[in-house]
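Computed from a prediction, not measured in an experiment: that's the story for all the values here.
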Amino acid sequence: MALLLPPVLGTLPYPSWKSVSRTRLRCRATIFQPLPDWNRTWYTANPDLTQCFQNTVLVWVPCIYLWLLAPFYCLHLYCHDHGRIHMSCLCTAKMVLGFLLASFGFVEFFYILLERSHEIQQHMVFLLSPIIRSMTVILALCIIQLERIRGCRSSVFLFLFWILAVVCSLVPLRAKIQLAMDEVYIVRYLAFFSYFTIQLAQLFLCCFADQPPVGKTILEKNPCPVKDASFLSKILFWWFTGLVVKGYRAPLAEEDLWTLREEDTSHKIISELQQDWTAECAKIQKQEKALASGVALGSRLPDQAQLLRKLQKEQSSGFILIRTLARKFGPYFLTGTLCIIFHDAFMFAIPQVLSLLLGFMRDEDAPLWKGYFYATLMFLLSCLQSLFNHQYMYTCFTVGMRVKTAVMGLVYRKSLVINSASRRTCTVGEIVNLVSADTQKLMDFVVYFNAVWLAPIEIALCLFFLWQHLGPSALAGIATVILIFPLNGFIAKKRSKLQVKIQMKFMDGRIRLMNEILNGIKILKFYAWEKAFLEQVLGYREKELKALKKSQILYSISIASFNSSSFLVRALFYVTLDDRNVLDAQKVFVSMALINILKTPLSQLPFAISTTMQVGDNSPQYGRSIHPRSRIKDIFMVKNGTFSWSTEGPPCLRRINVRVPRGSLVAVVGHVGSGKSSLLSAMLGETEKRSGQVTVKGSVAYVPQQAWIQNATVQDNITFGREKLKTWYQRVLEVCALLPDLDILPAGDATEIGEKGLNLSGGQKQRVSLARAVYRKADVYMLDDPLSAVDAHVGQHIFDKVIGPKGVLRDKTRILVTHGMSFLPQADLILVLVDGEITESGSYQELLSRHGAFADFIHTFANTERKENVSAVIKMCGIPSIQSYETFGLSVLSRGDSTNTNLQNMEPVSEEEQEQVPEDLGKLTVVDKARTGRVRLEMYKKYFKTIGLAIIIPIVFLYAFQQGASLAYNYWLSMWADDPVVNGTQIDTDLKLAVFGALGFVQGIAIFGTTVAISICGIIASRHLHMDLLINVLRSPMSFFESTPSGNLLNRFAKEIDAIDCMVPEGLKMMLSYVFKLMEVCIIVLMATPFAAVIILPLAFLYAFVQSFYVATSCQLRRLEAVSRSPIYTHFNETVQGASVIRAFGEQSRFILQANKRVDFNQTSYFPRFVATRWLAVNLEFVGNGVVLAAAILSVMGKSTLSPGIVGLAVSHSLQVTGILSWIVRSWTDVENNIVSVERVNEYAETAKEVSDPSPQIKEGSTLPLAWPQTGTIEFQDYGLQYRKGLELALKGITLNIHEREKVGIVGRTGAGKSSLALGIFRILEAAKGRIFIDGVNIEDIGLHDLRSRITIIPQDPVLFSGSLRMNLDPFDTYTDEEVWSSLELAHLKNFVSNLPDKLNHECSEGGENLSLGQRQLVCLARALLRKTKILVLDEATAAVDLETDTLIQSTIRTQFEDCTVLTIAHRLNTIMDYTRVIVMDRGHISEMDSPANLITQRGQFYRMCREAGLV
């Protein structure tokens, strides 16, 4: 029977039943008030709880917890079904142990019933307790089964129950152990020990998670382990340890990252958010309509109108978005808020326990166990504080990540439906900035939002407890805090204004300009405009840094004032304490602990207010980007349509009436700027419809005037998301004349095309764009002058095979904008546009018979065109005398493609290699790769070198001085507190107060000095690094831009520079201050208890060990996150530019899916990044809490030798170790993570650069004459050019003399090497062999800027930059307004510019989109006329203008450039028939060269081309 002694009897700390009888009267008397006996429990050297308390309260507390909360928990399980879990070994073990526990209670019950039945009446409490306990255990078993059925894998509810059960059993356990030690027969206590062991086992089993539910087996490749983690693992972040260990062993790679949890994916977040968002917007619109109608009726007009304005303001400012986000993520965020409230409760409990500990140290008679109890309690409270704090931070960062995903997703979706007016106010640069820097601010807002309301409460509580400890003297401190608030509120407001209104404005401008520079880099290089744009970017940068500097100085004042405020509060407490200024350790160090708590809300509050204000100020930007006016729906057939590009702007089309029969071919003609492209945009719904009706039936395919090409393979560009149908695909390639192009590409149609088709010629881009539309098999085709960029014969082929009456699209409705007169006779309907109005419409014959303006135009310009058409048709029909198209195809795209640099970045591949790595064959772009390992020491050296050693050393000394002052004044306080009180006062109190005040003041000044100094150092470093990056990028050759996605570069200029601006200096500030603070704490603890070194040293090693694990993983995660961000920017950039094409093809959903994938991939590295910080903080804070425990216990042990002052100093400082340790590693990791930005910015210093400096001969000899070139002679000597080392030459052995004032036409099939000559002259590509002389000077000996600024090109792609029209003509401001107007007149633009409201100051939108393509080409002509250099190169410069304008331009060139050397790369052969000489290029060679007349006489290749064009 001894073995089965009942546990409750075992829990009674007395040996026999008689003793129970002796106390029964007392237990019966207190049955309803089972309170401890304080004389026995507290006021004793050997504390214990009463037997009654042990057998009632300690037994009932866990039972009451379970029975009270079980109904609610069961309801929760009922509402959340995750599937059924099979009976696992874990569940079986829990059930077996549970039944054992229940059986103990029943055995005890029957034992009492049978053995002590005569005493039951007096001891009902002992009979009830085992039954209650057993029934509670059975309830726990039922809950285990219910959890299994509902798929709950880890139970927080039962974990807390078993913790309570074990904790409540600890007191009886201690009593039992004491009794067992006193008695010989310990076997009788085995029953209780077994019971306690089973409880511990149940608690241990609760630390593990069960297997996944049936049918919910995770199919993901690398699922996130948090799903399989138990409750304990989740709160301590142990589930993350696997990744940390993996990252420590080897650098993490993309495949090591976990799959994103479903609730964190873009699809899940945005699909749910969009419903709320749409509902909110609909609600607002409904209210607006109701109010608008109310206003119209005149009811309560002023109030209604006011409310309407308020609603409109609310909508535009983006508060709807904030409200929608709050509704979606609020509930989860509130769980985090609950955690921070618990954290605060424990935080405020610690100073109270410290007060008790210091009271114990002062009380000589106090028993030692109390000291150990306080020390342990302080340790437990610190641990709980850490746990709740990091659960809160984890929740905040999770919500922040989801908010970031939501905003990026909404911005992307809206960028797909953005209309032209919004497109002008919301540029690509601004969108990139919004998804990089601005989303970061939203995430900061989530983290710090609670501080806005919680910090004032914390401050109030601090002041309340200070009042309790110090009495009325606390009022002085309260007054100080109240005075500090307005100052910091003012500073926060000023900083917010500086950051949002000024700094972000200039940053947006800089990113926008950088985006344009990257898009138009070729033009910049041709015109040698790098310097002008460099200065513009640096202008923005300087203004941005100036605002940042002011902001940082204000921040430093704020930090210094807060630190000084805590010192001032303390000083005023002591001054006003009483007349005698008596201080004791309890007052000093409890107030110090409270003031240290006070520092956190005081420092967080300005940041929280600033972040909240920034989000408030930025919300209009979110609103604009996420809620722009969407375009109208795709519709067709126009009645009385009036359209404009923006709601405020003038109409671009007026009185439009069009009816297009199904299957007809409609041609749209008119002069440059007459509104042809606008008409197509109106039909596509891209413009604002002012009035009229528009309807379209069926699917639409659209070919824009400027081809939009994706950074993808040729095949992907053509199929455009559709399945590849092999036969149809081959047919499309054939009719679009793309087969010869594919023959010369390294991987055929699997060759990758660079961003915006950089490595294709203009003609190839247009044909790929057309092939995309043809492949689609749509009902309606809108073709915006697709034939202008191709040679005449290729254009005729495409018209016949694709667009014309016998083409593959013959049964489709086709609307063709064209300048080619030869195609008009075959059109079913012709629309003539003049100044935005349709002046004539009808068939070709109808319009001719009317003898109107169109007929006159045709008679003037179409004769040669008709000939060209006839002969081209003959050629296409395969008449033997003409070279067949197939033969022509072989030479169409020979190795050197015109402006084509498609082979530039492809290494030559041997046949063996082709078999091994075929997928790499057509690769062009270089993927942004993450480096591995720790950041190299060179990066730190580079960063600090830009600052300078002369500044760094004084800063370190300043930090040491600041911390020395802090140590001195804290130690001074402890000495003051230990001073004996003689006659109710302490000696020299005034002197002590004066020294204390001086030390505090010195520290405040030092804090201000260090924060300002580091901020200025950070600005110096970021200025240099940004300038180096900018210069390195602008000096890179064209091949670099073709192989580097613009997203990679924009990522460097946006996010990485932002990190260098703000994050690196902030991390350095924090790291240095905390490192020195830690040194201060260690010195103080070792001064108090030297024996603490025994504990501090092992903890330091443990700390270093944990830190080394963390830094390796965290740094690599930061790199992976940075690398995965670039594709997001690239994709956003590409989408915004091709939005009209994506919409026309109805491919929005596919692009949204791609964007989701990119954002999710970025978040897969961001999620473990912030979890890593929490993992580290929890582990390190437990190490720090060990220091608190050590300091407290050692102080208790040395009670007899230590003074309360030194103990107070040591313990109050050790309480800070927890935070200091985690902040040191966090700030150090932040520095290392953000130094990755320096590493990434520095990457481009190592890439190849253009040779910009002239050779030493020119440097040493005479400088280049100002008027060079004076004559304009060009000489090629055995010149060869290749696109990349190891490739076949694109130009082979070109030897050629071009004389002064000579006019030379360069012709050849597409890809024959025509534009390669221009690239060589401008040294866009360097010579592979041979030389080029201009006016007898070898161009290799001239600086690139000198060379390119002294010769002029009118390029094929006309690029304008956002800014004034004048800036686009003359960025260096070197010409007078008269000269600019003169050039515009000669370019036939004077009338157009004169009619603009701002004339020369007319603001061009990004890419010049508010001008037509033809007008942009004329602006490029005006640039050339303005520069008027001796050499002019025209690269198919009039392709996008109508025939009449082309004729005018040709006459202008002949007259204005009469005394210049002109090289014209021509598609229209009739434009060069009067030139001095014609060069015929073929596969990189000059196949023929002579005057046009002589070449025709020779009946060679040029003759055949003229025959094909109908000119002979």
Side-chain angles (χ1 to χ4, degrees), residues 76-77 79-85 147 150-156 209-231 233-235 237 239-240 242-243 254-278 324-336 391 394-410 412-413 439 443 446 1117 1120-1121 1124 1127-1128 1149-1172 1174:
H76 168 76
L77 289 174
C79 296
H80 297 83
D81 186 9
H82 300 289
R84 196 185 186 91
I85 298 173
E147 285 177 338
R150 306 303 286 178
C152 177
R153 299 176 63 191
S154 177
S155 175
V156 183
D210 214 332
Q211 63 190 28
V214 181
K216 300 260 177 159
T217 315
I218 296 160
L219 301 170
E220 292 141 1
K221 184 178 149 197
N222 191 5
C224 181
V226 73
K227 294 177 181 176
D228 301 317
S230 65
F231 167 68
S233 178
K234 281 177 183 173
I235 63 169
F237 299 98
W239 56 271
F240 187 75
L243 192 69
E254 288 170 10
E255 54 273 16
D256 297 321
L257 300 175
W258 307 312
T259 310
L260 213 57
R261 297 176 299 176
E262 192 195 354
E263 58 267 32
D264 295 329
T265 57
S266 297
H267 175 72
K268 178 85 174 165
I269 290 168
I270 296 162
S271 58
E272 289 175 5
L273 189 71
Q274 261 192 317
Q275 292 170 4
D276 297 343
W277 172 245
T278 312
T324 310
L325 291 172
R327 191 170 292 147
K328 168 82 178 104
F329 305 116
Y332 182 62
F333 182 71
L334 284 174
T335 61
Q391 280 306 308
Y394 173 75
T395 308
C396 283
F397 277 104
T398 305
V399 171
M401 180 180 81
R402 289 173 185 172
V403 165
K404 181 182 173 185
T405 299
V407 171
M408 287 170 92
L410 288 173
Y412 184 77
R413 279 154 182 74
T439 49
M443 290 168 77
V446 171
L1117 285 170
L1120 289 169
E1121 197 258 333
S1124 62
I1128 298 174
S1149 55
R1150 181 168 67 88
F1151 275 79
I1152 284 169
L1153 213 64
Q1154 286 179 13
N1156 284 356
K1157 265 174 76 177
R1158 284 167 164 82
V1159 171
D1160 287 351
F1161 181 58
N1162 176 243
Q1163 301 293 40
T1164 54
S1165 48
Y1166 177 76
F1167 175 69
R1169 236 188 93 195
F1170 74 74
V1171 177
R1174 306 276 69 80

Nearest heavy-atom neighbours spanning A406 and I269: CB-CG2, 3.9 Å
From OG (S233) to CG (D228), nearest 0.5 Å: 9.5 Å
Minimum-distance pair of heavy atoms, taken over all atoms of P331 and A326: CD-O, 4.4 Å
Sequence neighbours excluded - salt bridge (charged side-chain N to carboxylate O under 4.0 Å, His left out) pairs with any residue from residues 1155-1171: E1121-R1169
Worked verdict on D210 versus S154 for side-chain contact (heavy atoms from CB on, under 4.5 Å): CA-CA 6 Å; D210 214 332; S154 177; over 6 Å; no
Contacts of type ring-ring contact (aromatic ring centres under 6.0 Å, His included), residue F329, not counting sequence neighbours: none
Counterpart residues, side chain to side chain donor-acceptor pair (under 3.5 Å), relative to E272 (two or more places apart): K268, K328
Atom pair CG (N1156) and OH (Y412), whose distance is rounded to the nearest 0.5 Å: 9.0 Å
Flag side-chain contact, heavy atom, 4.5 Å: Q1163 against K404: yes
Worked check of side-chain contact (heavy atoms from CB on, under 4.5 Å) between R327 and L273: CA-CA 9 Å; R327 191 170 292 147; L273 189 71; over 6 Å; no
Steps toward side-chain contact (heavy atoms from CB on, under 4.5 Å) verdict (F397, F1167): CA-CA 9 Å; F397 277 104; F1167 175 69; over 6 Å; no
Main-chain N/O of A209 paired with R153 side-chain donor or acceptor, under 3.5 Å: no
Interatomic spacing from OG1 in T335 to CD in Q391 - rounded to 0.5 Å: 9.0 Å
Test item: V407 and L325 side chains (from C-beta on) under 4.5 Å apart, heavy atoms: yes
Student check: side-chain heavy atoms of T265 and T405 closer than 4.5 Å: no
pair C224-T259: side-chain heavy atoms closer than 4.5 Å: no
Counterpart residues, side chain to side chain contact (heavy atoms under 4.5 Å, CB included), relative to V156 (two or more places apart): L160, F231
Residues in side chain to side chain contact (heavy atoms under 4.5 Å, CB included) contact with T398, at least two apart in sequence or another chain: R261, D264, Y332, Y394, R402, F1170
Distance in Å, I1152 CD1 paired with R413 CZ, rounded so as to fall on 0.5 Å steps: 4.5 Å
Worked check of side-chain contact (heavy atoms from CB on, under 4.5 Å) between L257 and N222: CA-CA 7 Å; L257 300 175; N222 191 5; 5.8 Å; no
Partner set under side chain to side chain contact (heavy atoms under 4.5 Å, CB included) for F333, not counting sequence neighbours: T337, C396, V399, V446, F449, N450
V403 side chain near M408 side chain, heavy-atom distance below 4.5 Å: no
From CG (D256) to OG1 (T1164), nearest 0.5 Å: 11.5 Å
Heavy-atom side-chain contact between L243 and W258 under 4.5 Å: yes
W239 and K227, any side-chain heavy atoms less than 4.5 Å apart: no
Considering all heavy atoms, the nearest L77-C152 contact: CD2-CB, 4.0 Å
